[in-house]
Amino acid sequence: MKKLELHWKIIIGMIAGVGIGFLAVSLGLQQWVENWIKPFGTIFINLLKLVAVPLIIVSLIKGIAELQDISKLSRMGGRTLIIYVFTTVIAVSIGLLVVNIFKPGNRINEQTRQELLDNFGTDAGAKITMAAEQKGQGPLQALVDIVPDNIFSSMTDNRNMLQVIFFVVLLGIGLILIDKEKAKPVIAFIDGLNEVILKIIDLIMLAAPIGVLALLASLVVESPSLDLFKALLSYAICVIIGLSIMIFGFYPLFVRFFTGKSARFFFKGIAPAQLVAFSTSSSAATLPVTMERVTEHLGVDDEVSSFVLPIGATVNMDGTSLYQGVAAVFIAQAFNMDLTLMDQLTIILTATLASIGSAAVPSAGMIMLVIVLGSVGIPEAGLALIFAVDRPLDMLRTVVNITGDSSVSMVVAKSLNLLGEPKVKEWDENYKK
Ligand code: ASP
């Protein structure tokens, strides 16, 4: 019998998880799920996060050292960043288009608005405080934050990924510049370590179906009341329409146009990473899987994926920027505020920057949304309006975030002649093109 492919196993895990969640709610067994099922989800996310930092370190050093000269590095870096900004701006613009057409905020009546503000005011307040801490620090603080003063403390927090990347890029550059004979053993060691970590990821992924089952079951039992969900349905649908346009329209065309590969090839290769992103709501936690899928199944050379993906997981968040655009306009509509064209252009700019600044962890996009709201004078308390549906939307935007990173890695690889055939041997011939 043909072995069931990983993404099918994960999908079965997800469906079972949602089923178990609803069953537990109807039987009043929420606490049981919290005690006996949720821990397996937490263990799965922990395992992924555990390998994320070591993976970034070894793969990025290896990637840069293999480039062998600095001009190649700056070529790849420049190209990557330009394409990342381009896809992000496209995403926010699509979001704004959708929300301006459907105007979901106009459907929120006074009573629902008050109910949402009352229910989620405190939760939203916590996020606003977190954002204020980031905001009140001067215009160049974001730049200062990239340069760590102690690499070990940076490595202890997945939010500091950009600092780790900065240090590792320096190491890689150092390795390129020193005597080749001296660099050789260091690179060989890193190379071996890289293989070990990739093997560990294979092992962790064996547990993925169980991990996502546990994550989704606990999510269902922790969800807020369905009534508030319904009030926000038209807003959620706008975000989903925008995200779907990116996933099913923009990326397949983008990949097809620049690499000649079909949508089927792309999705088949990346599906397990998308499912993990959906279940964990974290691009950082998903990074190990994205990395493995892109190199082994989409044919992107290590040199490219090990550079483009860790940076992408941290700075390229198309789904997040799209969501921030929709959410900002939705809140403005709900408060009966009129936004001028200039306001909307400001939203494109700030949502692009805010998504770059969002950490690759659950609900980070919502914290940075405060900055987008502030830029055009929308009340920050409006965050409470969208709280109830944020988690499911976070799951979906994280899928878009990692899909964006993967598509860009293919395009960059192609442009440098580093896009080959998938490495996996059992790859079905039908999907090669
Ligand atoms: N959870 C998202 C991610 O990790 C960030 C966000 O909250 O939008 O990609």
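Please read all numbers here as calculations on a predicted model, not as lab measurements. Numbers here simply count residues along the sequence, with the first being 1. Each ligand, and each atom within it, is numbered from 1 in the order the structure gives.
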Side chain to side chain donor-acceptor pair (under 3.5 Å) contacts in which one or both residues fall within residues 336-345, not counting sequence neighbours: Asn100-Gln344, Thr340-Asp343

Determine whether a donor-acceptor pair (N or O, by modelled atom type, separation under 3.5 Å) exists between the side chain of Arg397 and the backbone of Thr320. no

So, is Gly365 polar-close to ligand 1, with some N/O to N/O distance under 3.5 Å? yes

I want to know if ligand 1 touches Val361 in the polar sense, i.e. an N/O pair below 3.5 angstrom. yes

So which bit of Ser283 gets within less than 4.0 Å of ligand 1, heavy atoms only: side chain, backbone, both or neither? both

Show me which atoms of ligand 1 lie under 4.0 Å from any heavy atom of Ser363. 7 (O)

For Ala364, the ligand 1 atoms with a heavy-atom partner under 4.0 Å come out as 7 (O)

Could you check whether Asp301 pairs with Lys414 (Lys NZ or Arg NE/NH1/NH2 to Asp/Glu carboxylate O, under 4.0 Å)? no

Would you tell me whether Asp302 and Thr295 have side-chain atoms, one donor and one acceptor, within less than 3.5 Å of each other? no

Looking only at heavy atoms, which two atoms of Tyr84 and Gly312 are closest? And how far apart? OH-CA, 3.3 Å

How far is atom 2 (C) of ligand 1 from its nearest protein heavy atom, and which residue and atom name does that atom have? Thr398 OG1, 3.3 Å

By side chain to side chain donor-acceptor pair (under 3.5 Å), Ser281 pairs with (sequence neighbours left out) Arg391

Ala284 versus ligand 1: do any nitrogen or oxygen atoms come within less than 3.5 Å of each other? no

Test ring pair (Phe, Tyr, Trp, His ring centres under 6.0 Å) on Phe258 and Phe254; report intermediate values, then the result. CA-CA 6 Å; Phe258 287 104; Phe254 179 61; 5.4 Å; yes

Contact atoms of ligand 1, heavy-atom distance to Ser282 under 4.0 Å: 4 (O)

Within a distance under 4.0 Å of any heavy atom of Ala360, pick out the atoms of ligand 1 and give their elements. 4 (O)

Would a distance-only check, ignoring hydrogens and angles, find a side-chain to backbone donor-acceptor pair under 3.5 Å from Asp405 to Leu309? no

Please classify the Ala277 to ligand 1 contact at 4.0 Å (heavy-atom distances, strictly less than): side chain, backbone, both or neither. neither

So if I count the atoms of ligand 1 from 1 in the order they appear, which ones are less than 4.0 Å from some heavy atom of Thr320? 5 (C), 6 (C), 8 (O)

